[in-house]
Amino acid sequence: MFEGLAGPALGVWVLDPRELLITNALGFPRCGDRRLKFLLESVADLRAQLRGLGSELLVRLGEPESVLPKLMRETRANRLRAVEEPGTEERAVEKRLRRAFAEDASLGEFDLLPVEALFEMDDDPRAAARELPEVFSKWRRKAEKHLEFALPDAMPTSGRLGGWPVEVKARDLPTLTSLGRAEPAYDPRGVLPFVGGESAGLQRLRQWVFAGDHLRGYKETRNGMLGEAYSSKFSPWLALGCLSPRLVVQETLRYESERTANDSTYWLRFELLWREFFRLYLLKHGAKLFRREGPADRPLDYANRPQHFEAWTSGGTGVPMVDANLRELAATGFMSNRGRQNVASFLAKNLDVDWRWGARWFESQLLDYDVASNWGNWAYAAGVGADPRGFRGFDVIGQGKRYDEQGAYVRHWLSDESSPNGRHPHEPWKDGGPNPIVDVRRSLADAEARWGQAAPGH
């Protein structure tokens with residue numbers, strides 16, 4: 001934030017109501033209470049750290065393209081710097097800011113730093129995005145062979161806070177109550193009591209990698225769903241910039257030099273490569289990623305039965321593997337990677353509901369919502385995004401039996417009358433329970449037929 005600045009520097013955070021406080025077209029909050037709470041905690045931690053450096057974080061509520069020019073005049077600042085983001089809405093805001101600065105020279109300079117990339121790149125990441133293959137594995141092999149991982153930026157030692165007009169107030173951070181939201185209850189069944197901010201993110205990084213020594217066996221445990229240690233769970237902090245992916249990479253390399261190097265230590269970097277790929281993918285395709293046919297231009301139609309979507313969001317489909325994961329999401333704001341793949345496949349394929357409805361539900365509920373990863377993964381799951389290799393659909397019953405063999409996970413989250421307590425935890429209808437809302441195998445076969453009929457470009 002402060003590197004390369006000749007004079008005093010101030011941090012600014014603008015809460016944009018369009019991004020965080022509105023209800024989306026489907027009728028639920030675009031940003032749910034849990035995600036908003038995690039964000040506010042993260043901003044509070046950032047302010048505390050800036051104050052520790054002798055600087056300040058100004059807080060404002062409003063549209064950045066209106067708030068920031070006004071703040072430039074009030075503070076008599078002569079330069080605004082921001083990091084470019086890959087999202088289309090963020091880029092639209094950046095364009096409006098550029099226009100405001102171009103129309104009023106008295107505002108000073110507006111600089112956009114390039115999109116943060118995991119690798120050292122000679123060109124702007126936009127150039128890399130234009131050349132991005134549609135298949136992840138092809139890009140990964142090239143990137144790993146020809147590019148070096150970038151080092152994280154050094155922590156500033158001073159904010160060089162100078163004089164600024166006393167009438168310009170830093171302002172208190174908003175609270176959930178002041179924003180008309182309710183404090184979400186903590187559910188002890190969750191994998192972690194997630195707390196926002198770099199301080200908590202760094203603590204989790206140190207604890208999971210080094211103190212707990214969990215990186216050593218990550219590839220073997222990563223498909224777990226119960227407990228705090230089966231995966232890193234860095235994603236909420238990565239999504240908000242509280243943890244740098246570059247730092248995570250460097251810590252895995254340090255772990256390899258100090259302890260051991262194996263498939264597991266590599267695999268965490270592999271997961272970060274998927275994150276990087278989706279960021280470049282969003283830069284490449286832009287608004288196409290948010291369309292029903294996706295970048296693959298496959299015109300799938302959906303029945304979109306509201307009762308199917310409601311059953312899915314509430315964890316009431318009658319399929320334990322699906323319901324348990326969605327109840328965990330609603331109760332905690334988190335879901336495992338294995339769970340996400342299954343519930344996404346089930347919504348778009350078995351329930352025949354527009355994949356974008358699921359993407360919007362995840363946007364509302366996930367602590368680790370990231371526009372590129374969320375929409376990229378949903379398009380991938382629906383068969384309209386990256387890495388197309390024919391029809392893909394999960395056998396959610398078989399997945400449950402494979403990754404939750406004894407039914408511990410589904411019993412953990414389905415503790416009411418629908419709990420699968422019989423001999424068939426992933427098929428409770430065999431023990432006299434109700435049938436799922438759709439025939440799981442037949443509906444998947446129907447989805448494959450629909451997919452085959454929807455040829456790209458037609």
Side-chain angles (χ1 to χ4, degrees), residues 28-29 31-41 176 181-197 200-201 203-204 207-208 212 214 218 221-237 239 310-344 346-347 358 361-369 396-397 399-422 424-428 431 433-434 436:
F28 47 82
C31 177
D33 295 346
R34 295 184 191 281
R35 181 157 77 90
L36 186 56
K37 179 176 186 289
F38 190 86
L39 172 62
L40 295 176
E41 291 169 346
L176 286 170
R181 299 295 188 86
E183 181 75 22
Y186 171 67
D187 194 315
R189 295 175 297 173
V191 293
L192 275 179
F194 290 100
V195 176
Q203 181 181 3
R204 175 63 183 175
Q207 188 279 325
W208 189 80
H214 299 303
Y218 170 63
T221 64
R222 64 191 173 88
N223 283 310
M225 290 180 287
L226 269 178
E228 62 85 20
Y230 65 81
S231 67
S232 71
K233 301 178 179 66
F234 298 156
S235 55
W237 294 285
E310 182 179 352
W312 183 84
T313 58
S314 63
T317 70
V319 180
M321 179 69 163
V322 173
D323 293 346
N325 276 285
L326 284 158
R327 294 194 193 186
E328 179 182 15
L329 175 62
T332 69
F334 184 81
M335 188 191 297
S336 69
N337 180 60
R338 180 56 48 185
R340 297 181 201 206
Q341 294 181 60
N342 275 272
V343 303
F346 193 76
L347 181 72
W361 182 248
F362 272 25
E363 178 181 11
S364 177
Q365 299 297 307
L366 282 174
L367 293 177
D368 63 5
Y369 172 73
V396 292
I397 297 174
Q399 287 273 302
K401 292 177 179 179
R402 178 177 179 182
Y403 294 106
D404 183 33
E405 185 177 358
Q406 303 303 318
Y409 174 75
V410 295
R411 291 190 178 100
H412 185 76
W413 285 104
L414 304 180
S415 56
D416 57 14
E417 67 280 358
S418 66
S419 178
N421 288 317
H424 303 89
H426 294 285
E427 298 171 289
D431 297 316

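When reading the values below, keep in mind they use all heavy atoms of this one structure, side chains included, and skip hydrogens, waters and symmetry mates. Quick caveat, the model's predicted, so the values are computed rather than measured.
The minimum heavy-atom distance linking Thr317 with Trp312 is given by the pair CG2-CA, 3.7 Å. Ser232 approaches Tyr218 most closely through the heavy-atom pair N-CE1, 4.4 Å. The minimum heavy-atom distance linking Gln365 with Ala330 is given by the pair OE1-CA, 4.1 Å. Pairing each heavy atom of Thr332 with each of Gly190, the nearest pair is CG2-CA, 3.7 Å. Summarising the geometry of Gly339 relative to Met335, their closest heavy-atom pair is C-SD, 3.5 Å, with the distance given to 0.1 Å.
Between the NE2 atom of His426 and the CD1 atom of Ile397 there is a distance of 10.0 Å, given to the nearest 0.5 Å. For the atom pair Asn325 CG and Phe334 CZ, the distance stands at 10.0 Å (nearest 0.5 Å). Here the straight-line distance linking atom CG of Leu176 with atom CZ of Arg34 works out to 11.0 Å at 0.5 Å rounding. The distance from atom CZ of Arg181 to atom CG of Leu40, rounded to the nearest 0.5 Å, is 9.5 Å. Remark: Leu329 CG to Leu367 CG distance equals 8.5 Å, nearest 0.5 Å.
Residues that satisfy the side chain to side chain contact (heavy atoms under 4.5 Å, CB included) test with Gln399, not counting sequence neighbours, are Met321, Arg338, Asn342, Phe394, Tyr403. For the side chain to side chain contact (heavy atoms under 4.5 Å, CB included) test, residues two or more places apart in sequence or in another chain that qualify with Ala344 are Trp378, Ala381. A search for side-chain hydrogen bond (donor to acceptor under 3.5 Å, both in side chains) contacts involving Ser235 returns Asp368, not counting sequence neighbours. The side chain to side chain contact (heavy atoms under 4.5 Å, CB included) check on Asp431 picks up Arg423, His424, with sequence neighbours excluded. With sequence neighbours left out, the side-chain hydrogen bond (donor to acceptor under 3.5 Å, both in side chains) criterion links Arg402 to no other residue. Among residues two or more places apart in sequence or in another chain, the side-chain hydrogen bond (donor to acceptor under 3.5 Å, both in side chains) test is passed with Glu405 by none. In this structure Lys401 satisfies the salt bridge (charged side-chain N to carboxylate O under 4.0 Å, His left out) test together with Glu427, sequence neighbours excluded. Every residue two or more places apart in sequence or in another chain that forms a side chain to side chain contact (heavy atoms under 4.5 Å, CB included) with Arg35 is listed here: Leu20, Cys31, Glu363, Tyr369. Every residue meeting the ring-ring contact (aromatic ring centres under 6.0 Å, His included) condition with Phe28, not counting sequence neighbours, appears here in chain and number order: Trp361. Under the side-chain hydrogen bond (donor to acceptor under 3.5 Å, both in side chains) criterion, Ser364 pairs with no residue, sequence neighbours left out.
Side-chain contact between Glu41 and Phe194 is absent, with no heavy atoms from C-beta onward closer than 4.5 Å. The shortest side-chain heavy-atom distance between Tyr409 and Glu328 falls under the 4.5 Å cut-off. Proximity of Val191 to Ser336: side-chain heavy atoms (C-beta onward) are nowhere separated by under 4.5 Å. Contact annotation: the side chain of Thr313 never approaches that of Leu326 to less than 4.5 Å [non-hydrogen atoms, C-beta and beyond]. Between Pro320 and Leu414, some side-chain heavy-atom pair lies under the 4.5 Å cut-off. Taking 4.5 Å as the limit, every side-chain heavy atom of Trp413 sits out of range of all side-chain heavy atoms of Asp323.
When each of Trp237, Tyr230, Phe234 is paired with Trp208, the ring pair (Phe, Tyr, Trp, His ring centres under 6.0 Å) condition holds for Phe234 and for no other.
Of the possible donor and acceptor atoms, one in the side chain of Arg411 sits under 3.5 Å from a partner among the backbone N and O of Gln406.
The local environment of CD in Gln203 is sparse, with at most 12 non-hydrogen atoms from other residues, nucleotides or ligands closer than 6.0 Å.
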Worksheet item: Between Thr221 and His214, is a side-chain contact (heavy atoms from CB on, under 4.5 Å) present by the stated rule, with each step listed?
Response: CA-CA 9 Å; Thr221 64; His214 299 303; over 6 Å; no

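Applying the salt bridge (charged side-chain N to carboxylate O under 4.0 Å, His left out) test to every pair with at least one member in residues 185-196, sequence neighbours left out, gives these pairs: Asp187-Arg189.
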